[in-house]
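What follows is a short report on a single structure.
Protein chains get the first letters and strands the later ones, always in sequence-line order, with residue 1 at the start of each. Just so it is clear, the model here is predicted, and its values are computed rather than measured.
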Amino acid sequence: MSVFKTIHAAIQAVLEEALVAGTLTLSSEIPAFVVELPREAAHGDLATNVAMALAKAAGKPPRVIAEIVKQGLEPPPLIASVQIAGPGFINLRLAPSVWQDEIREILRVGTRYGDSDLGKGVKVNVEYVSANPTGPMHAGHVRGAVIGDVLAHLMQKAGYDVTREYYFNDSGAQVDVLARTTYLRYREALGEEIGAIPAGLYPGDYLKEVGAALAERDGATWQGKDESEWIEPVRTFAVAWMMRVIRDDLALIGITHDVFTNERELIENGTLDIAFQILDSKGLIYVGTLPPPKGKEMEDWEPVPLTLFRSSLFGDSTDRPLKKRDGYWAYIMPDIAYHYDKIRRGFGVMINVLGTDHGGYLERMRPVVAAFSDKKAQLTVIFNSIVKIFKNGEPVKLSKRSGNLITLREMVEQVGADAVRFFMLTRDPKSPLDFDFAKVVEQTRDNPVFYVQYAHARCCSVLRHAVELFSAEELTEEALAKVALDSLVSEEEIQLVKGMAQWARTVESAAQAQEPHRIAFYLMELAGLFHTLWNKGNDNAALRFIVADDKPTTLARLALITATRTILRSGFGVMGCTPMDELRSGG
RNA sequence: GCGCCCUUAGCUCAGUUGGAUAGAGCAGCCGCCUUCUAAGCGGCAGGUCAGUGGUUCGAAUCCACUAGGGCGCACCA
């Protein structure tokens, strides 16, 4: 258990005692309060706002409550002193052993340090990528893919039961275009002259191999036939092929989904009908006429009665048509059925990673989830903004129409999977992200990928050198966990340990907020603390990690280094990146 | 017209769900290689947190309005 939790629990206990004893009365439950590292070192090791948080419910001034807490807290051995400051902060100074124990704990637990039971095994569905199978993965897909994947890792580390899911539409207009283009490439493979790809079909060469493979399999079977005969088999063939391509592309950056769901299946196995019937049985379906949409030119608008879903009862701005006037399902219906299906499969939390161009999605789907789950299930959408690609400092124009796309494969081949992954999380998802091919591989401080890897490599470097002084048995985690750590007293060393101690709560708060980028920022900060300490050895040789004539101090510092390496590895694990032992190029 | 998102240092961005004197990096200036990796580190300077009003012990954070920017808004699929 981390220091933060220990102290939090201790304060909680004090409050409960005070309630029983009657020295404290509350008009409500004990409100949430935080135990955190204060910004100012002068304020001690830990600070809590508990007194201020309780003030209202207790009907007493913060400093009075703080006094009660202070009395209750003194004098457990791990707390050196308690001070009340400012408007009612409680500042704690801890015994040095607290931080030393944190190191031992990290060494004992290994990269599982930071694991949490916050999620209590709740089933979480993270849906990401979900591109329709019309082409290979390109730059526009990568950010959402990485965000979703790291979020999935993160939620797992925080104790959720995570399913990674991919939803695609294998019917409809886009896929028909795929089929027609494939058919053209198929004729080309059979020796026909096809000329330029007509407007409205997919340019780019990537469907040549699909056409060729189709020709290989079926020969001239479809040549000269009417579209009504070949569209179905060609579509099926092309979709299967493209999904294989997509999976291979995603595997390049270490992404594999657990479940693939497609629209056609939902229709064919009757899920749409079931979903509709359930809404109907809840009295949420009626026939009515919607007002014309405002603010748009609606030349051909005419009021017509339609089958509607009372989504406005669940916060939607309007009710939604589920059937078109011709009686066929409206386009929203498969999405509705899909969310019903997720709820049916037991997911209490559904997270969807989408581009900001899907702005209306959440407003339409939240009512659906609320209706099917009786408002119990939670749907959140992480909207991620665009990635601007730069090469040599110049922006690269991307155009789907001309087929000028930067593919995922190209990105990985040029900068490596780890760099792509890490870099995608160096911004809040909502902010636009500049991806400069040159910068991502730059080995400088500007490049966060490098900066964090470098910290890990430095840890490894020290440990390699340590072998000259110690046996391998002396350097195992088990052995180092038992070493005396009293010599770790410098400001920089303590700061580093405090940084490490934040790992567990970073995992929890990032998971709770569903913000995987916090992991990347944490790692950059931890790397910074480590580099600071390292550099102290440049100023003062006595502060280097390996001091040949002082083995006890060296061992303590090696314990610190090993723990740091463990946290970095734990973080890289969540990021889905491989820590590098050495960065020096050319050996 | 309506809805969602954004606006923080010259630039690019964080900000732990309402806490103490708002933080990094780059760019600028000043320092640091006889070194476990200087591919780095320390320091200085830089702010009306877009604006106004409100909520309260306390607001970059929550609410309302305003300004600017992005995205979305049919029975499309």
Whole-Å gap separating [atom2] ([N]) and [atom1] ([X]):
{"X": "K536(A)", "N": "C41(B)", "atom1": "NZ", "atom2": "P", "answer": "13 Å"}
{"X": "L543(A)", "N": "U35(B)", "atom1": "CG", "atom2": "P", "answer": "18 Å"}
{"X": "E363(A)", "N": "A74(B)", "atom1": "CD", "atom2": "P", "answer": "11 Å"}
{"X": "M52(A)", "N": "U17(B)", "atom1": "CE", "atom2": "P", "answer": "13 Å"}
{"X": "I519(A)", "N": "G15(B)", "atom1": "CD1", "atom2": "P", "answer": "12 Å"}
{"X": "D170(A)", "N": "A77(B)", "atom1": "CG", "atom2": "P", "answer": "16 Å"}
{"X": "L272(A)", "N": "A77(B)", "atom1": "CG", "atom2": "C1'", "answer": "13 Å"}
{"X": "M365(A)", "N": "G3(B)", "atom1": "CE", "atom2": "C1'", "answer": "16 Å"}

Counting only side-chain heavy atoms from C-beta out, which of [options] sits nearest to [X]?
{"X": "Y454(A)", "options": "G72(B), A38(B), C75(B)", "value": "A38(B)"}
{"X": "N49(A)", "options": "G19(B), C41(B), C75(B)", "value": "G19(B)"}
{"X": "F545(A)", "options": "C36(B), U16(B), C75(B)", "value": "C36(B)"}
{"X": "I546(A)", "options": "C36(B), C75(B), G42(B)", "value": "C36(B)"}
{"X": "N535(A)", "options": "C41(B), A20(B), G15(B)", "value": "C41(B)"}
{"X": "E515(A)", "options": "A20(B), G15(B), C75(B)", "value": "G15(B)"}
{"X": "A513(A)", "options": "U17(B), C71(B), G19(B)", "value": "U17(B)"}
{"X": "T532(A)", "options": "C5(B), A20(B), G42(B)", "value": "G42(B)"}

When the [atom1] atoms of [M] and [N] are compared, how many Å lie between them, rounded to an integer?
{"N": "U7(B)", "M": "U61(B)", "atom1": "C1'", "value": "14 Å"}
{"N": "U48(B)", "M": "A22(B)", "atom1": "P", "value": "13 Å"}
{"N": "C41(B)", "M": "C36(B)", "atom1": "C1'", "value": "15 Å"}
{"N": "G42(B)", "M": "G3(B)", "atom1": "P", "value": "48 Å"}
{"N": "C11(B)", "M": "C33(B)", "atom1": "P", "value": "35 Å"}
{"N": "C6(B)", "M": "C13(B)", "atom1": "C1'", "value": "13 Å"}
{"N": "C62(B)", "M": "U55(B)", "atom1": "C1'", "value": "8 Å"}
{"N": "C44(B)", "M": "A24(B)", "atom1": "P", "value": "10 Å"}

Discussion item. Can you tell me if H358(A) is stacked onto the base of G72(B), using a 5.5 Å centroid cut-off and an angle below 30°?
Written reply: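 So no, this residue does not stack on that base, at least one cut-off failing.
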
Worksheet item: Do F89(A) and the base of G19(B) stack face to face, with centres under 5.5 Å apart and an angle between planes under 30°?
Response: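 Stacking is absent between G19(B) and F89(A), given that the ring centres and planes do not meet under 5.5 Å and under 30°.
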
Give none if [N] has no partner; otherwise give the nucleotide forming a Watson-Crick or G-U wobble pair with it, both distances under 3.5 Å.
{"N": "G68(B)", "answer": "C6(B)"}
{"N": "A74(B)", "answer": "none"}
{"N": "C44(B)", "answer": "G28(B)"}
{"N": "U21(B)", "answer": "none"}
{"N": "U56(B)", "answer": "none"}

Worksheet item: When you look at E508(A) and R505(A), which way does the salt bridge (Lys or Arg N to Asp or Glu O under 4.0 Å) test go after all the steps?
Response: CA-CA 5 Å; E508(A) 289 192 349; R505(A) 52 199 307 270; over 6 Å; no

Taking OP1 and OP2 of [N], is either one under 4.0 Å from a side-chain nitrogen or oxygen of [X]?
{"X": "R505(A)", "N": "U16(B)", "answer": "no"}
{"X": "R39(A)", "N": "G23(B)", "answer": "yes"}
{"X": "Y451(A)", "N": "C41(B)", "answer": "yes"}
{"X": "K430(A)", "N": "C4(B)", "answer": "no"}
{"X": "W534(A)", "N": "A38(B)", "answer": "yes"}
{"X": "H517(A)", "N": "G15(B)", "answer": "yes"}

Indicate, with a heavy-atom threshold strictly under 4.0 Å, whether [X] touches base, sugar-phosphate, or nothing.
{"X": "G86(A)", "answer": "nothing"}
{"X": "D436(A)", "answer": "nothing"}
{"X": "N169(A)", "answer": "sugar-phosphate"}
{"X": "P321(A)", "answer": "sugar-phosphate"}

Discussion item. Would K324(A) pass as a cation-pi partner of W329(A), given that its NZ or CZ must be under 6.0 Å from the six-membered ring centre and within 45 degrees of the axis?
Written reply: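 No, K324(A) does not lie over the aromatic ring of W329(A).
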
Discussion item. Cation-pi check for F390(A) against K439(A): NZ or CZ below 6.0 Å from the six-membered ring centre and within 45 degrees of the axis, yes or no?
Written reply: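 Pair K439(A)/F390(A) does not count as cation-pi.
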
Worksheet item: Are L354(A) and I382(A) side-chain neighbours, meaning at least one heavy-atom pair lies under 4.5 Å?
Response: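 A side-chain contact is absent here, since even the closest heavy-atom pair is not under 4.5 Å.
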
Worksheet item: How about Y113(A) and W503(A): are their ring centroids closer than 6.0 Å?
Response: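 No: the rings miss the under 6.0 Å criterion.
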
Worksheet entry | Test of ring centre spacing under 6.0 Å for F435(A) and F437(A) |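 Yes - the distance between ring centres of F435(A) and F437(A) falls below the 6.0 Å cut-off.
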
Discussion item. At less than 3.5 Å, do the side-chain atoms of N91(A) and the base atoms of A20(B) form a donor-acceptor pair?
Written reply: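 When only heavy-atom distances are counted, N91(A) does reach the base of A20(B) through a donor-acceptor pair under 3.5 Å.
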
Discussion item. So for atom NZ, which belongs to K391(A), do other residues, nucleotides or ligands contribute more than 12 heavy atoms lying within a distance under 6.0 Å?
Written reply: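 Yes, NZ of K391(A) has more than 12 neighbouring heavy atoms, counting only those of other groups under 6.0 Å.
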
Worksheet item: Any chance CD of Q495(A) has more than 12 other-residue heavy atoms, nucleotides or ligands included, within less than 6.0 Å?
Response: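 Enclosed.
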
Fill in: Conformer about C1'-N of U48(B) - syn within 90° of 0, anti elsewhere
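For U48(B), whose glycosidic angle is more than 90° from 0, the conformation is anti.
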
Discussion item. I'd like to know whether T271(A) forms a side chain to side chain donor-acceptor pair (under 3.5 Å) with D341(A), so could you lay out the CA-CA distance, the side-chain angles of the two residues, the decisive distance to 0.1 Å, and finally the verdict.
Written reply: CA-CA 7 Å; T271(A) 305; D341(A) 185 55; 5.1 Å; no

What N/O pairs connect the protein and nucleotides 11-13 of chain B at under 3.5 Å? Give each pair on its own line.
{"from": "U12(B)", "atom 1": "O2'", "to": "R427(A)", "atom 2": "NH2", "distance (Å)": "2.3"}
{"from": "C13(B)", "atom 1": "OP1", "to": "P432(A)", "atom 2": "O", "distance (Å)": "3.4"}
{"from": "C13(B)", "atom 1": "O5'", "to": "R427(A)", "atom 2": "NE", "distance (Å)": "3.2"}

Worksheet item: Relative to the 5' end of RNA chain B, which residue comes earlier, G537(A) or H531(A), by the nucleotide with the nearest heavy atom?
Response: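 Comparing both residues, the 5'-ward one is G537(A).
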
Item to complete: Hey, which sits more toward the 5' end of RNA chain B by its nearest nucleotide, G172(A) or A47(A)?
Response: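 The residue closer to the strand's 5' end, by nearest nucleotide, is A47(A).
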
Item to complete: Carefully, step by step, assess R235(A) and D176(A) under the rule salt bridge (Lys or Arg N to Asp or Glu O under 4.0 Å).
Response: CA-CA 7 Å; R235(A) 183 170 54 201; D176(A) 284 345; 2.7 Å; yes

Discussion item. Tell me whether the rings of Y361(A) and H339(A) are parallel (<30°), tilted (30 to 60°) or perpendicular (>60°).
Written reply: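 The arrangement is tilted - the two ring planes meet at 30° to 60°.
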
Worksheet item: Which pair of non-hydrogen atoms, one from A511(A) and one from L118(A), has the smallest distance, and what is that distance?
Response: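 What the structure gives for the nearest pair is CB-CD2, 4.5 Å.
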
